[in-house]
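In what follows, a single structure is set out as structure tokens and then discussed.
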Amino acid sequence: MRRVITLTILILLSFVLQTTVFSMHDLTGSAPNLLLILTMSFGIMRGRREGMLTGFFSGLLYDLFYGSLLGPYTFLYMLIGYQNGMFHKKYLMEDISLPVLIITIDQFIFDMPVFIIGFMLRNRTGFGHYFMHQILPQILYDVLITVLIYRIYVRINRWLKGKDQDD
């Protein structure tokens with residue numbers, strides 16, 4: 001129960017920070033995707049199921065407030081969380097290099113459907129411009145924020161594991 005409450009608080013806090021504080025201080029028109037960082041972190045720290053559930057609720061929250069349809073972001077976050085959960089057993093939690101690499105790939109995977117649906121279907125095929133002005137700054141923001149907050153998520157995960165073992 002403690003894990004569910006903690007994860008719910010983290011999802012809500014990430015959503016509020018992503019949509020208010022960080023979106024007001026964006027320099028290039030994009031803000032860090034804290035929900036994606038949270039989904040990635042708990043996917044690789046806790047496994048496929050936890051990554052998928054974190055992604056589901058993160059995407060659902062994003063769809064409810066910003067999506068025109070219910071489901072696309074939910075599916076995308078859930079898929080990314082599930083894929084990141086595959087690294088759960090194969091990596092050392094304290095190492096920051098794998099999360100940085102994974103968040104780079106995740107952000108690219110996250111932005112490609114947005115490009116295809118939002119631009120290519122409207123006959124705007126300037127991928128180079130979109131990559132330089134949207135995807136690349138987003139990746140750089142996410143890598144920077146991942147380096148800063150990933151260790152906090154590791155401590156929260158250790159605390160949760162310690163409390164689960166005590167119970």
Side-chain angles (χ1 to χ4, degrees), residues 1-22 30-117 135 138-139 141-167:
M1 188 65 176
R2 185 176 289 122
R3 187 169 40 129
V4 172
I5 293 170
T6 304
L7 203 50
T8 302
I9 291 169
L10 285 174
I11 289 171
L12 292 174
L13 183 66
S14 295
F15 178 75
V16 168
L17 287 174
Q18 178 178 331
T19 57
T20 57
V21 175
F22 284 115
S30 61
N33 194 340
L34 297 176
L35 291 172
L36 187 65
I37 295 169
L38 180 70
T39 300
M40 178 270 307
S41 298
F42 277 85
I44 59 178
M45 286 189 294
R46 306 286 289 192
R48 292 179 187 166
R49 187 173 139 248
E50 189 101 14
M52 189 171 62
L53 288 173
T54 304
F56 175 79
F57 289 111
S58 296
L60 183 64
L61 191 62
Y62 197 85
D63 271 338
L64 288 174
F65 282 93
Y66 292 104
S68 56
L69 297 172
L70 187 61
Y73 286 106
T74 304
F75 178 72
L76 201 53
Y77 276 103
M78 193 170 64
L79 180 68
I80 288 171
Y82 181 79
Q83 287 176 337
N84 291 336
M86 293 180 191
F87 295 102
H88 172 62
K89 302 259 186 207
K90 299 176 180 157
Y91 119 99
L92 184 63
M93 250 193 304
E94 291 78 18
D95 185 23
I96 193 72
S97 59
L98 184 65
V100 166
L101 177 66
I102 289 175
I103 199 64
T104 303
I105 295 167
D106 286 350
Q107 187 59 51
F108 188 77
I109 290 169
F110 185 80
D111 280 335
M112 285 313 295
V114 173
F115 173 73
I116 291 169
I117 293 169
I135 295 176
Q138 186 74 42
I139 288 172
Y141 273 145
D142 286 353
V143 165
L144 178 67
I145 297 298
T146 299
V147 168
L148 295 174
I149 66 172
Y150 180 74
R151 298 199 192 283
I152 296 170
Y153 290 156
V154 168
R155 286 187 183 145
I156 291 171
N157 186 43
R158 279 196 192 131
W159 177 75
L160 289 172
K161 280 186 176 180
K163 292 295 180 180
D164 287 345
Q165 289 174 355
D166 291 345
D167 293 340

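These numbers were taken from a predicted model, which means no experiment stands behind them. Residue numbers count from 1 along this sequence.
Atom CZ of residue Phe75 and atom CD1 of residue Ile80 lie 10.0 Å apart, to the nearest 0.5 angstrom. Distance CZ/Phe57 to CG/Leu38: 13.0 Å, rounded to 0.5 Å. Atom CZ of residue Arg155 and atom CD1 of residue Ile149 lie 13.0 Å apart, to the nearest 0.5 angstrom. From Ile135, atom CD1 reaches atom CZ of Phe115 across 7.5 Å, with rounding to the nearest 0.5 Å. Distance check, rounded to the nearest 0.5 Å: CD1 of Ile139 to CG of Asp111 gives 7.0 Å. Going from atom CD1 of Ile102 over to atom CG of Leu36 covers 11.0 Å, rounded to the nearest 0.5 Å.
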Contacts table for residues 39-48: side-chain donor-acceptor under 3.5 angstrom, sequence neighbours left out:
| unit_1 | atom_1 | unit_2 | atom_2 | d |
| --- | --- | --- | --- | --- |
| Thr39 | OG1 | Leu35 | O | 2.8 |
| Ser41 | OG | Ile37 | O | 2.8 |
| Arg46 | NH1 | Asn157 | OD1 | 2.9 |

Check residues 6-14 and write down every donor-acceptor pair under 3.5 Å in which the side-chain atom is one partner and the other belongs to a residue at least two apart or another chain.
| unit_1 | atom_1 | unit_2 | atom_2 | d |
| --- | --- | --- | --- | --- |
| Thr6 | OG1 | Arg2 | O | 2.8 |
| Thr8 | OG1 | Val4 | O | 2.7 |
| Ser14 | OG | Leu10 | O | 2.9 |

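For residues 66-85, the pairs satisfying side-chain hydrogen bond (donor to acceptor under 3.5 Å, both in side chains) are Asn33-Tyr77, Asp63-Thr74, Asn84-Asp106, with sequence neighbours left out.
Residues that satisfy the side chain to side chain donor-acceptor pair (under 3.5 Å) test with Arg3, not counting sequence neighbours, are Glu50. Under the rule for a side chain to side chain contact (heavy atoms under 4.5 Å, CB included), the partners of Val16 that lie at least two apart in sequence or sit in another chain are Thr20.
A 4.5 Å side-chain heavy-atom check between Thr19 and Phe65 finds every atom pair outside the cut-off. With a 4.5 Å cut-off on side-chain heavy atoms, Thr104 and Asp142 do not count as touching. At least one side-chain heavy atom of Arg151 sits under 4.5 Å from a side-chain heavy atom of Ile96. Side-chain contact between Gln138 and Phe110: absent, with no pair of heavy atoms (C-beta onward) separated by less than 4.5 Å.
With a 6.0 Å radius and a threshold of 12 heavy atoms from other residues, nucleotides or ligands, Phe15 has its CZ atom above the threshold.
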